[in-house]
2 protein chains.
Amino acid sequence: MKNQIPESTIARLSIYLRLLEELEREKTATIRSSEIANLSGLTAAQVRKDLAYFGQFGVRGQGYAVPLLKKKISQTLGVHQSCKTIILGAGNLGQALSSYRGFHKEGFDIVALFDIAADKIKQKETATPIYDLSELQNFVQKNKVGIAVLAVPVQAAQDAAIQVVEAGITSILNFAPVDLAVPNNVHVRNVDLATELITLAYYSKS
Amino acid sequence: MKNQIPESTIARLSIYLRLLEELEREKTATIRSSEIANLSGLTAAQVRKDLAYFGQFGVRGQGYAVPLLKKKISQTLGVHQSCKTIILGAGNLGQALSSYRGFHKEGFDIVALFDIAADKIKQKETATPIYDLSELQNFVQKNKVGIAVLAVPVQAAQDAAIQVVEAGITSILNFAPVDLAVPNNVHVRNVDLATELITLAYYSKS
DNA sequence: TAGATTGTTAATCGATTAACAATC
DNA sequence: TAGATTGTTAATCGATTAACAATC
């Protein structure tokens, strides 16, 4: 069971991590909390507070050593090794996500797509195999799948979530605009694209 | 200039709206705040508070009339008419988004895709035309574009944002993992898919 | 009138920000 | 030592929740 660290802190850690990867590529040796803040659009106090939840990684008067901090954050987040990920729904969105480079770059391996009547779907260029939904349980048990992405139509989402949970997966990224009912130990994050646009539309007037 | 209404309230309004559309299709006449809360995974107090920012839409002892509330919320959000939307970046993600039904359903018309060297891109089934980025200014001026979606690689995102802003667009949905520098009057919402997965991965251990 | 549910105020909670002592 | 920047505590801010008077 994890402690009382805000989910927003965790989300920001992953932003710091990506920034540090970039800085390491550029051979930057050290960085101050104020610089991290500027580069990621946050405040220095917030950066230091976030990091302090997990340890003391900096040197007073100096800042943070980029390679060390990167290592510490990736250990904290547990992204040092790659994580097998499946996508439910092999429509436009599902297929686009499966070839999204950002996932692979951060260590997420999209190992399979699932869909109903998978045999009807033409399997374009994608290297990722598409299986029938009925094979889900089997596949998940054989392969160590850590995360499921739900890119199915809204009507199918709750049902898909149940199947995913039954297969033993406890992390779900949900693109369908519904509040999924899942057991307490299952973690869901929602990406609601239409809501994002509606929110923007509100601000685009006035 | 908009008042001090929390952005999270606006985001929830759009969730209520979609729920009400559903309820209206099912011919539900009235609904209580507690029911709205259950259906969207929130609390009744929160629902009432959100709505109270904009007026008194309910009847004490009765609840809310579904058609009326739906109308009021869509007026508030300004989604009564459709909003022209463009997508920058015609790669996998851009093309998937352009055919994403959820956008059209909520009144967002994807009127064009833009990409560098647009002529090199084979224009699959999509009905949405793909233009060269150099035509952006011209297109936006001729058509009343309200929102731009950035589905370009991270290196190209800041530059794309500048062009979009120069063309006069003030609402941006950004899929690239960077903190975009934009003028104060421009509203940006970020969807950071890799960060979502990393956050989930953190919770999938332990 | 009695019962129900809103609208709204006040209390709680948690996250962000500010400030500064510790220390490299 | 003087200067800089962290780690951490305390103050602020804002959003969520609880409670209840208003009222249909």
Side-chain angles (χ1 to χ4, degrees), chain A residues 2-16 19-20 23 28-73 76 179 190 195 199 202, chain B residues 2-16 19-20 23 28-73 76 179 190 195 199 202:
Chain A
K2 281 290 166 194
N3 16 12
Q4 57 294 61
I5 293 158
E7 191 156 325
S8 46
T9 287
I10 303 299
R12 282 194 299 267
L13 280 191
S14 88
I15 292 172
Y16 304 152
L19 183 61
L20 290 163
L23 290 166
T28 309
T30 65
I31 191 163
R32 285 178 230 121
S33 59
S34 60
E35 292 172 312
I36 296 178
N38 286 152
L39 291 168
S40 38
L42 303 163
T43 69
Q46 196 164 43
V47 171
R48 294 200 302 275
K49 193 104 212 288
D50 286 340
L51 297 176
Y53 280 113
F54 303 97
Q56 309 188 167
F57 307 136
V59 182
R60 286 161 138 106
Q62 312 286 295
Y64 302 87
V66 170
L68 176 73
L69 186 57
K70 196 202 93 174
K71 193 176 142 213
K72 290 296 185 182
I73 293 180
T76 301
D179 176 54
N190 295 295
T195 286
T199 306
Y202 172 78
Chain B
K2 281 290 167 192
N3 14 12
Q4 59 293 60
I5 293 158
E7 192 156 323
S8 47
T9 288
I10 303 299
R12 282 192 299 267
L13 280 190
S14 88
I15 292 172
Y16 305 151
L19 183 62
L20 289 163
L23 291 166
T28 308
T30 64
I31 190 163
R32 286 178 229 118
S33 59
S34 60
E35 292 173 311
I36 296 177
N38 285 153
L39 291 167
S40 37
L42 304 163
T43 69
Q46 197 164 43
V47 172
R48 294 200 300 277
K49 192 105 214 285
D50 286 340
L51 297 176
Y53 280 113
F54 303 97
Q56 310 189 166
F57 307 135
V59 182
R60 285 161 139 106
Q62 311 284 297
Y64 302 87
V66 171
L68 176 73
L69 186 56
K70 195 202 93 175
K71 195 176 142 212
K72 290 296 185 182
I73 294 180
T76 301
D179 177 51
N190 296 296
T195 287
T199 307
Y202 172 78

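Predicted model only: the values in this text are computed from it and were never measured. Below, chains carry the letters A, B, ... as their sequence lines are ordered, and counting in each starts from 1. Just so you know, these numbers use all the heavy atoms, side chains as well, and skip hydrogens, waters and symmetry mates.
Using a 4.0 Å heavy-atom cutoff across all strands shown, A:Arg32 reaches sugar-phosphate atoms only and no base atom. Residue A:Ser34 is out of contact with every strand shown, counting any heavy-atom pair closer than 4.0 Å. B:Thr9 comes within 4.0 angstrom of nothing in the nucleic acid, heavy atoms only. Heavy atoms of B:Phe57 sit under 4.0 angstrom from primed sugar atoms or phosphate atoms, though from no base atom.
Between B:Val59 and A:Gln46, the residue anchored closer to the 5' end of DNA chain C is B:Val59, taking for each the nucleotide with the nearest heavy atom. When each of A:Thr43 and B:Arg60 is assigned the nucleotide of DNA chain C with its nearest heavy atom, B:Arg60 is the one assigned upstream, toward the 5' end. Place A:Gln62 and A:Ala45 on DNA chain D by their nearest nucleotides, and A:Gln62 ends up nearer the 5' end.
Expressed to the nearest 0.5 Å, how far CG of A:Leu13 lies from CG of A:Leu51 amounts to 6.5 Å. To the nearest 0.5 Å, atoms CZ (A:Arg32) and CG (A:Asn38) are separated by 10.0 Å. For the atom pair CZ (A:Phe57) and NZ (A:Lys71), the distance works out to 11.0 Å, reported to the nearest 0.5 Å.
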For the pair A:Val59 and A:Thr30, evaluate side chain to side chain contact (heavy atoms under 4.5 Å, CB included) and give the outcome as yes or no after the intermediate values. CA-CA 10 Å; A:Val59 182; A:Thr30 65; over 6 Å; no
Is there a side chain to side chain contact (heavy atoms under 4.5 Å, CB included) between A:Leu19 and A:Ile15 once you walk through the steps? CA-CA 6 Å; A:Leu19 183 61; A:Ile15 292 172; 5.6 Å; no
Report the C-alpha separation of A:Tyr64 and A:Arg48 in whole Å, then their side-chain angles, then the decisive distance to 0.1 Å, and conclude whether the side chain to side chain contact (heavy atoms under 4.5 Å, CB included) test is met. CA-CA 10 Å; A:Tyr64 302 87; A:Arg48 294 200 302 275; 3.7 Å; yes
Under the side chain to side chain contact (heavy atoms under 4.5 Å, CB included) criterion, do A:Ile31 and A:Leu39 qualify, and how do the steps go? CA-CA 11 Å; A:Ile31 191 163; A:Leu39 291 168; 4.2 Å; yes
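A:Phe54 is listed as a side-chain neighbour of A:Thr9, based on a closest heavy-atom distance under 4.5 Å.
For DNA chain D, runs of at least 3 consecutive pairs of the Watson-Crick or G-U wobble type, with both hydrogen-bonding distances under 3.5 angstrom, map to C:3-24 with D:3-24.
Chain B approaches DNA chain C over the interval C:dA4 to C:dT9, counting the first and last nucleotide 5' to 3' with an atom under 4.0 Å from its heavy atoms.
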